[in-house]
Amino acid sequence: MNEADHLIELKGMTKTFPGVIANENVDLALRPGEVHALLGENGAGKSTLVKMIYGILKPDAGDILFQGQPVIIDSPAHARELGIAMVFQHFSLFDSLSVVENISLGMDKDVPMETLAEEIREISDRYGLPLDPHRYVYTLSVGERQRIEIIRCLLQQPKLLVMDEPTSVLTPQEVQKLFVTLERLADEGMAILYISHKLDEIKALCHHATILRLGKKVAEVNVDDESTSSLAALMMGEDLATIVKQDHGSYGEIRLQVEGLNQPAFDSTGISLDEIHLDVRAGEVVGIAGVAGNGQDELLRALNGEEKCQSHACIMIDGKHVGLLDPNARRKAGMASVPEKRLGHGAVPDMDLVDNAFMTAFHRMGLLARGLINYPKTRQFADKVIEEYSVKTPGSHVPAGSLSGGNLQKFIIGRELHQSPDILIVSQPTWGVDAGAAQTIRQALRELAANGAAVLVISQDLDELMEITDRIGAICGGRLSRFYPTSQMTIEKVGLLMAGVSLEGDSQDAA
Amino acid sequence: MLPKLAKRPTPSRFMVYLSPVLALFLSLLAGIVLFLIMDVSPWTALHAFFIEPISSAYGLSELAVKATPLILIGVALSLGFKAGVWNIGAEGQLIVGGLCGGAVALYFYEQEGFHIIPLMMLAGVFGGMAWAAIVAFLRVKFNANEILTSLMLSYVAGLWLNLMVHGPLKDPEGFNFPESRIFSDSAMLPLLHEDYRLHIGFLLALVIVGLGWILISRTLLGYQIKVSGAAPAAGEHAGFSTARIIWVTLLIGGGVAGLAGMIEVSGPIGQLLPSISPGYGFTAIIVAYVGRLHPVGALFAGLLLALTYLGGETAQIQLNLPVAVTGVFQGLLLFFLLACDVLIHYRLQFKQPALAARGA
């Protein structure tokens, strides 16, 4: 292997932020035509590394060689000039403009609109990225919006394409289409740096993988020589316990029942809920899959009472109508919930953990005495949650905002679990949580169900849902699909449900 | 290149509390510069402003008289500001409270009895609450910005007071001056000492400080106020109704401001005049912030800001300085306080920033 073959080579890249080392002495090298995975858990430093490649962040130390020449990339414009293009996880598009207008805005040079539209059409034909240049962005699906970003990059004829977690917003079917395009680009000699923590995708697409853990490079491997579990072990640095689903077949009574729930969107960007029917029995974990922004947040808020329903009868807890009750009245009836957004929704960043423990637990844990907050008791409760769910923190006196995402999630889930609710509704239970803690949380959810509670998990992580749920369905555009026993489902079938396609029959292979 | 503001990872708690002291120190420095420009000896001026007024027992009692409304309203506004409800119309609520309390006093004119003062207090509290309720209603029902409505209602309140003292409440034997009758003794707040103007309203202010402290640090309502201000979505998750918090904080603010207005007319003033407050309701906003939105802080801040009123008067008498110096000092204090707060939460970054314009 000749060094000179490398398109780009990073040596000893280091970047620190106040209080955190995001990257420490990371090396990375890519050849033309190679699809190279940058693999790591949330917070491992993947985004920091690629932001340095794209000139958004300046490294504290380290060298970048591009086509053998040392370069200092000081801005994204400079990166584009060199031939580096990047597709971000979050798109920067104007909804009210057309595709071609959006692309024109991001161009470094001026190109007449019609010429540009022609070029867009050409590229979209060549790489199987169907897209009408004159459509308005607000009419496009998330997958189509991503195509705009990809075409925007391809117009610059880059030598290196960086993709930051491109599939987190796509259905499995859209992912397949994206991979065909990427393979085609690699065949034409483009180098692709593919950032992800999804192992199946990396197995399917990539040649090499560089694995980051806590900001350091821990390995560079040939993907074909590894299995998904060996990659997982490298990524997480530990072996994972497997979840035990106890033998069931007999569930208890219906604890949570939703009958014809309709909810108009609460703002112009929200999703309205349409005829939601749902029931969760004692001892059961039910999963709702879905691409982000299809009504998950709205559903959680309608279920936990943050948005009251239009009729009292549309939600029942243990057979009692609660549709018009507020969150606290529903808590009294036995329902607990964990929203997706932790800071600012599940917890108050500027308040300490004691105050945050009080937030949803004061009634069920009896933390109020004669109208006054019982602080000693609240502190005990907070300390117990911290201890039981091994939340890493200097103590219960620190503000919630100073905890890492995973630790805060452990605290919030622990706060709800410790109240032993009869019904738990949890959104994205392990998003951003390190693998060990994620497994603890999943195990705890199963145990809660085993003790007779009804658990509803809303998640975008299909592997997680397949692993811990008994029944699974999906939400798409504010409508719920039918629910199927998880044992009869595959990722592909759930993918169809996520796209709003109904499965033919109950258990036939529709994918 | 221009320096940029970069957020500090963890602002120092110590500095957060030191900030008012720093701001006071900087205001004094700026004051010295100001006096030099005006060709007045800074030492004489500062002495007249800050030392002279409190170098006698009478001065101290006057300080407490002026501080009473500031402390009362400062405590009440702190609660609202903590909840993110920006009631800046306490001046109007004070005026309506004073007007209602005064109207009760005039109704019982030439009567005696211990029922008059409590009735006046109730009228003052309800008057202020009613005025603030308009703001709460508009905010909850139509999402009208409470900063604008409460401020504009202050001017409406001032006009109402004027209308009343020019009309129905005018002293019939007052040679057509726009003033009410002087209240009878039973409508005047008892004095704490017969030589001074200091009245029991000051004790009431201390009680409100204590109640405010317990409310904010120990009760469920105080907790809800803090959560709703710090993270409204978290408040809704916890089941605290935002509308209820808006109503409660505005009613408390209005009620206490109304009480302060009643105390003013029934204490130091003793009748209804076209103007019953030198802007106490606005100055109390500064009191709340200098006091770090804490009731005990508001106590000290109220005394400090009261001193700027007294000092302004002394400086006017002794040095012929314009009375606007009071306003200038109050403005400087608020300005420096806000500046200190910004620098406590952010730091200036002069070198090339690590982050370019576009984030991901």
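Each chain gets a letter, A, B and so on, in the order its sequence line appears, and its residues count up from 1.
Looking at A/Met351, only its side chain comes within 4.5 Å of chain B, counting heavy atoms on both sides. Looking at A/Arg301, the atoms closer than 4.5 Å to chain B (heavy atoms on both sides) all sit in the side chain, from C-beta outward. For a residue to count as touching a neighbouring chain, one of its non-hydrogen atoms must lie under 4.5 Å from one of that chain's; by this rule A/Tyr375 touches chain B with the side chain only. Heavy atoms of A/Ala347 lying under 4.5 Å from chain B belong exclusively to its backbone. Only the backbone of B/Ser217 comes within contact range of chain A, judged by heavy atoms closer than 4.5 Å.
With contacts defined as side-chain heavy-atom distances shorter than 4.5 Å, the pair A/Leu368/B/Tyr223 does not qualify. Contact annotation: the side chain of A/Leu372 approaches that of B/Thr219 to within less than 4.5 Å [non-hydrogen atoms, C-beta and beyond]. For the pair B/His237/A/Ser337, a side-chain contact is recorded, criterion being any heavy-atom separation below 4.5 Å from C-beta on.
For the atom pair NZ (B/Lys226) and CG (A/Asp355), the distance works out to 5.5 Å, reported to the nearest 0.5 Å.
Crowding of B/Trp213 atom CH2: a count of heavy atoms from other residues, nucleotides or ligands under 6.0 Å not exceeding 12. In B/Phe336, the CZ atom is crowded: over 12 heavy atoms of neighbouring residues, nucleotides or ligands sit closer than 6.0 Å.
Interface check for chain B: of the options A/Pro339, A/Ala361, A/Gly401, the most heavy-atom pairs under 4.5 Å are formed by A/Pro339. Looking only at heavy-atom pairs under 4.5 Å with chain A, the residue among B/Gly235, B/Ser241, B/Gly239, B/Ala233 that has the most is B/Ala233.
Closest heavy-atom contact between A/Asn328 and B/Ala238: ND2-O, 3.0 Å.
In this structure a side-chain-to-backbone donor-acceptor pair under 3.5 Å is missing from A/Asp350 to B/Ala230.
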